[in-house]
Amino acid sequence: MTWDDIISQAKASATAQTGALLMDEEVFAAFYQRTARPVWAYLARVSGNAALADDLLQESYLRFLCAGRWKNDEDACRRYLFRIATNLMRDHWRRPKTAALEDVPEAALTTDVRSDWDQVDSNALLGAGFAQLSPRERQLLWLAYAEGCTHREIAQIMGLGTTSIRVMLFRARRRLAHLLRQTQTPQWRNK
Amino acid sequence: MNLGFCNKQKEVSAALQEGRWPGACDPALVAHIAQCQDCNDLVLVAETLRQARSQTMRNAELVSSETLWWRHELERRSGVVERVTRPIAFIEKLALIAIPVVMLAVGLWQWNEIAAWFLSSPDLASAGTFRWDSLWTLASGAAAWVPLLLMASLGTFALICGVALFMATSKD
């Protein structure tokens with residue numbers, strides 16, 4: 001018995017114990033092709049940091065693969081992926097920032113959030129208005145209107161109660177609309 | 001804050017999601033949106049976020065799925081290797097604790113013989129002189145096996161600890 005045989009047997013027994021339905025590389029590649037861009041857009045817009053979105057995107061997919069919760073229902077997998085991404089963002093914000101100032105590269109010391117978006121959004125559609133919202137409001141609005149999630153799906157992704165989503169969404173939407181009208185072109189200034 | 005939700009919001013949401021806004025929308029609905037603050041907000045926010053999503057997705061530069069799959073397989077293999085070698089690591093730690101304990105026990109058990117062995121050489125007994133060949137004389141004695149065994153074990157243990165410490169602290 002070689003070392004590789006032992007490892008293969010251990011992998012097989014671990015899979016049998018968890019009862020996980022694993023995906024193969026082809027299925028994962030197709031799933032990644034369909035879902036990676038929306039997830040990245042969600043991470044990038046809500047966090048306001050494209051580099052952070054790159055890291056969190058990879059971490060999200062790795063955790064998704066490790067969880068082994070692949071099902072034939074792609075919508076459920078997609079929602080699970082968004083949930084992982086949401087939790088990773090939350091963990092990132094909660095983590096204490098202990099890096100010494102000398103260790104931080106100069107390019108990272110910019111205070112202009114929009115400068116990080118020069119490569120991504122030259123039109124700055126959302127502008128500074130979206131950045132003024134709280135992280136929770138940004139998540140709610142993006143999931144509801146950019147991704148088209150229902151209130152129940154948003155509640156599952158964010159770990160909130162379904163009944164509170166409607167009110168929170170209403171308030172966030174009103175606030176963003178007000179901020180957008182302050183910066184948008186006159187065609188939107190109806191009220 | 002007035003939270004009276006407009007009863008047309010579902011209709012407006014459906015029109016937005018189906019892409020009927022504004023060209024293929026019912027004119028009455030368009031007129032309503034122009035008058036209703038909530039529906040106007042909804043259209044503004046939804047359209048802006050949709051456009052932002054499309055633009056952001058177009059500009060995304062993503063890592064390949066093969067890279068992620070490779071990382072996943074590597075982590076999975078590392079996890080399996082760690083689980084398989086866990087009993088070996090446990091035995092190693094146990095041995096590192098057990099060896100000095102056994103040496104100490106043997107040393108205490110045979111303390112009289114060890115002390116007598118050291119003091120049997122006139123050179124070692126006198127504090128003023130010491131010669132290396134006196135150790136050779138002692139080692140060839142009949143009662144030398146216990147102290148020799150202890151010294152050899154101690155030396156080997158010290159060597160292994162040194163190597164282990166070096167490997168643990170060296171940076172690759």
Side-chain angles (χ1 to χ4, degrees), chain A residues 3 6-11 14 24-25 28-33 36-38 40-42 44-45 50 53-54 57-58 61-62 64-66 117 119-127 129-130 141-142 144-148 166-167 170-178 180-181 184 188 190-191, chain B residues 1-6 9-10 12-14 16-19 22 33-86:
Chain A
W3 187 239
I6 295 170
I7 291 174
S8 302
Q9 282 180 15
K11 275 188 190 176
D24 62 14
E25 189 174 354
F28 172 70
F31 178 70
Y32 182 80
Q33 190 72 17
R37 287 182 185 274
W40 188 87
Y42 169 62
R45 279 297 180 179
D54 290 338
L57 178 79
Q58 293 187 40
Y61 276 97
L62 286 174
F64 175 78
L65 285 168
C66 287
W117 287 101
Q119 288 180 335
V120 179
D121 183 8
S122 56
N123 294 334
L125 277 168
L126 291 176
F130 200 59
L141 290 168
W142 191 270
Y145 301 117
E147 290 297 324
R166 193 178 185 196
V167 173
F170 175 83
R171 289 176 176 154
R173 187 177 71 218
R174 178 161 279 193
R175 195 164 165 226
L176 180 59
H178 173 71
L180 286 174
R181 286 194 183 97
Q184 285 269 349
W188 287 109
N190 290 331
K191 293 281 177 181
Chain B
M1 175 180 286
N2 176 22
L3 293 182
F5 302 110
C6 175
Q9 277 197 6
K10 278 193 179 174
V12 174
S13 294
L16 287 167
Q17 284 201 344
E18 290 161 16
I33 290 169
Q35 300 296 320
C36 174
Q37 170 79 51
D38 293 342
C39 293
N40 198 278
D41 288 348
L42 174 58
V43 169
L44 170 61
V45 167
E47 283 295 289
T48 306
L49 285 172
R50 283 217 184 86
Q51 286 174 35
R53 180 181 184 264
S54 299
Q55 193 160 40
T56 309
M57 280 171 55
R58 270 200 304 274
N59 294 330
E61 293 177 7
L62 304 174
V63 69
S64 68
S65 63
E66 289 84 10
T67 304
L68 286 176
W69 186 260
W70 174 82
R71 273 187 66 182
H72 165 64
E73 285 295 301
L74 196 64
E75 283 178 16
R76 207 164 151 231
R77 186 184 171 93
S78 299
V80 167
V81 166
E82 194 268 337
R83 275 199 301 277
V84 166
T85 58
R86 201 173 291 160

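Just so you know, these numbers come straight off a predicted model, no measurement behind them. Within every chain, numbering begins at 1; the chains are lettered A, B, ... in the order of the sequence lines, protein sequences first and strands thereafter.
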Report the relative orientation of the aromatic rings in A/Tyr61 and A/Phe28; use parallel for angles under 30°, tilted for 30 to 60°, perpendicular for over 60°.
-> perpendicular
When the 4.5 angstrom heavy-atom criterion is applied to B/Gln9 and chain A, the contacting part is side chain
Using non-hydrogen atoms only, which part of A/Leu141 is less than 4.5 Å away from chain B: side chain, backbone, both, or neither?
-> both
Could you check if a side-chain atom of A/Arg181 sits within less than 4.5 angstrom of a side-chain atom of B/Asn40, using non-hydrogen atoms only?
-> yes
Portion of B/Leu42 that has a non-hydrogen atom of chain A nearer than 4.5 angstrom = both
Would you call B/Glu73 and B/Arg77 a salt bridge, taking side-chain N to carboxylate O under 4.0 Å as the test?
-> no
Within-4.5 Å side-chain heavy-atom neighbours: A/Asp54 and B/Val63 | no
Against chain B, label A/Tyr145 side chain, backbone, both or neither, depending on which of its atoms sit under 4.5 Å from a heavy atom there.
-> both
B/Ser64 portion near chain A, given a 4.5 angstrom heavy-atom threshold | backbone
Side-chain contact test, heavy atoms from C-beta onward, threshold under 4.5 Å: evaluate it for B/Thr56 versus A/Trp40 and give yes or no.
-> yes
